[in-house]
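First comes the structure, then the notes that go with it.
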Amino acid sequence: MGRLFVQSLEGKIYSCKHCRTHLALCEDIVSKSFHCRHGKAYLFSKVVNVTSGEKEERMMMTGLHTVADIFCVGCGSIVGWKYETAHEKSQRYKEGKSVLERVKMSGPDGSNYWVSHEAQVGSSDADDV
């Protein structure tokens, strides 16, 4: 497999809740209006230290998308998904961007987010941006 290269970020950082590997910067948040089966999720323009799984078609709240799950390179935990293709023209702004599930990250202040009882079950996506 080779040597693992982990990129360190500076600033207000979101990191993997399990191993503290840096994942994204606050300044790269596009939207905090996304939801997943575990609760809140954030859309980022750029994430680091992740690997992508297999691409698959998923029907989400905003239509059909081609997505790939993304995993932390530090511990292998699934941390969210990346939008490869949006089939609806109005959703194309998501292409190439990644969603990180809030419950899988530690915030810039070191805080963790816990699953609420109201967390939605099923496919995830944003209703608004």
Side-chain angles (χ1 to χ4, degrees):
M1 180 174 175
R3 178 174 252 182
L4 179 67
F5 176 75
V6 177
Q7 185 176 344
S8 293
L9 300 173
E10 292 186 23
K12 293 184 178 182
I13 300 164
Y14 284 95
S15 58
C16 176
K17 180 169 95 171
H18 302 289
C19 70
R20 302 288 190 222
T21 297
H22 294 175
L23 298 174
L25 291 169
C26 281
E27 64 196 50
D28 292 325
I29 293 175
V30 175
S31 174
K32 290 185 175 183
S33 299
F34 281 62
H35 301 278
C36 64
R37 66 179 56 104
H38 302 294
K40 293 183 177 185
Y42 299 166
L43 181 68
F44 287 87
S45 58
K46 178 183 174 186
V47 296
V48 297
N49 301 323
V50 297
T51 58
S52 295
E54 294 290 320
K55 294 178 187 177
E56 62 181 64
E57 302 289 317
R58 286 191 197 157
M59 181 56 75
M60 297 186 164
M61 293 168 61
T62 58
L64 185 64
H65 296 81
T66 304
V67 299
D69 287 332
I70 54 176
F71 303 86
C72 173
V73 297
C75 65
S77 296
I78 186 169
V79 291
W81 67 92
K82 180 177 181 178
Y83 286 101
E84 300 291 341
T85 308
H87 299 280
E88 304 272 337
K89 191 173 184 176
S90 66
Q91 300 300 308
R92 294 222 172 110
Y93 73 93
K94 297 175 185 175
E95 292 180 346
K97 295 179 178 65
S98 299
V99 173
L100 296 177
E101 298 181 28
R102 188 61 186 95
V103 71
K104 308 287 179 91
M105 307 185 281
S106 292
D109 59 359
S111 64
N112 287 324
Y113 179 83
W114 303 103
V115 178
S116 69
H117 295 292
E118 295 83 34
Q120 174 179 338
V121 176
S123 294
S124 48
D125 210 350
D127 282 328
D128 60 313
V129 175

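The analysis underlying the following values was restricted to heavy atoms, covering all of them including side chains, and did not include hydrogens, waters or symmetry mates.
- Using a 4.5 Å cut-off on side-chain heavy atoms (C-beta onward), Tyr83 and Gln91 make no contact.
- The line from OG of Ser52 to CZ of Phe71 is 8.5 Å long, rounded to the nearest 0.5 Å.
- At least one donor-acceptor pair closer than 3.5 Å links the side chain of His22 to the backbone N or O of Leu9.
- At a threshold of 4.5 Å between non-hydrogen side-chain atoms, the residues Val67 and Met60 count as touching.
- Taken from CZ in Arg102 to NZ in Lys32, the straight-line distance is 8.0 Å, to the nearest 0.5 Å.
- Nearest heavy-atom pair across Ala41 and Val99 is CB-CG1, 3.5 Å.
- Taking the side chain as every heavy atom from C-beta outward, Val79 and Leu100 approach each other to under 4.5 Å.
- With contacts defined as side-chain heavy-atom distances shorter than 4.5 Å, the pair Glu101/Phe34 does not qualify.
- Here the closest heavy-atom approach between residue Val47 and residue Ser98 is recorded as CG2-OG, 3.6 Å.
- Partners of Arg20 under the side-chain hydrogen bond (donor to acceptor under 3.5 Å, both in side chains) rule, at least two apart in sequence or in another chain, are Ser106.
- Under the 4.5 Å side-chain heavy-atom criterion for ILVMFWY residues, a single connected hydrophobic cluster contains both Val48 and Leu25.
- Nearest approach of Val30 to Ser45, heavy atoms of both residues: CG2-N, 3.6 Å.
- Residues Pro108 and Ile13 fail the side-chain proximity criterion, which asks for heavy atoms closer than 4.5 Å.
- Using cut-offs of 30° and 60° for the angle between ring planes, the Phe44 and Tyr42 rings count as tilted.
- Here the side chain of Lys12 pairs no donor or acceptor atom with the backbone of Glu27 at under 3.5 angstrom.
- Under the 3.5 Å distance criterion, the side-chain polar atoms of Lys97 are matched with a main-chain donor or acceptor of Tyr93.
- In this structure, Thr85 and Glu95 have side chains that are in contact, with non-hydrogen atoms separated by less than 4.5 Å.
- If you take CD on Glu56 and CD on Glu84, they are separated by 11.0 Å, rounding to the nearest 0.5 Å.
- Tyr14 and Cys26 get closest at one heavy-atom pair: CE1-SG, 3.5 Å.
- The SG atom of Cys75 lies 6.0 Å from the NE2 atom of His18; values are rounded to the nearest 0.5 Å.
- Counting heavy atoms from C-beta outward, Arg58 and Asp69 have side chains that approach closer than 4.5 Å.
- Nearest approach of Phe5 to Asn49, heavy atoms of both residues: O-OD1, 4.1 Å.
- Within the 4.5 Å cutoff, the side chain of Lys94 has heavy atoms near those of the Thr62 side chain.
- When all heavy atoms of Thr21 and Gly74 are compared, the closest pair comes out as OG1-CA, 3.7 Å.
- When the side-chain hydrogen bond (donor to acceptor under 3.5 Å, both in side chains) test is applied to Glu57, the partners found at least two apart in sequence or on another chain are Thr66, His87.
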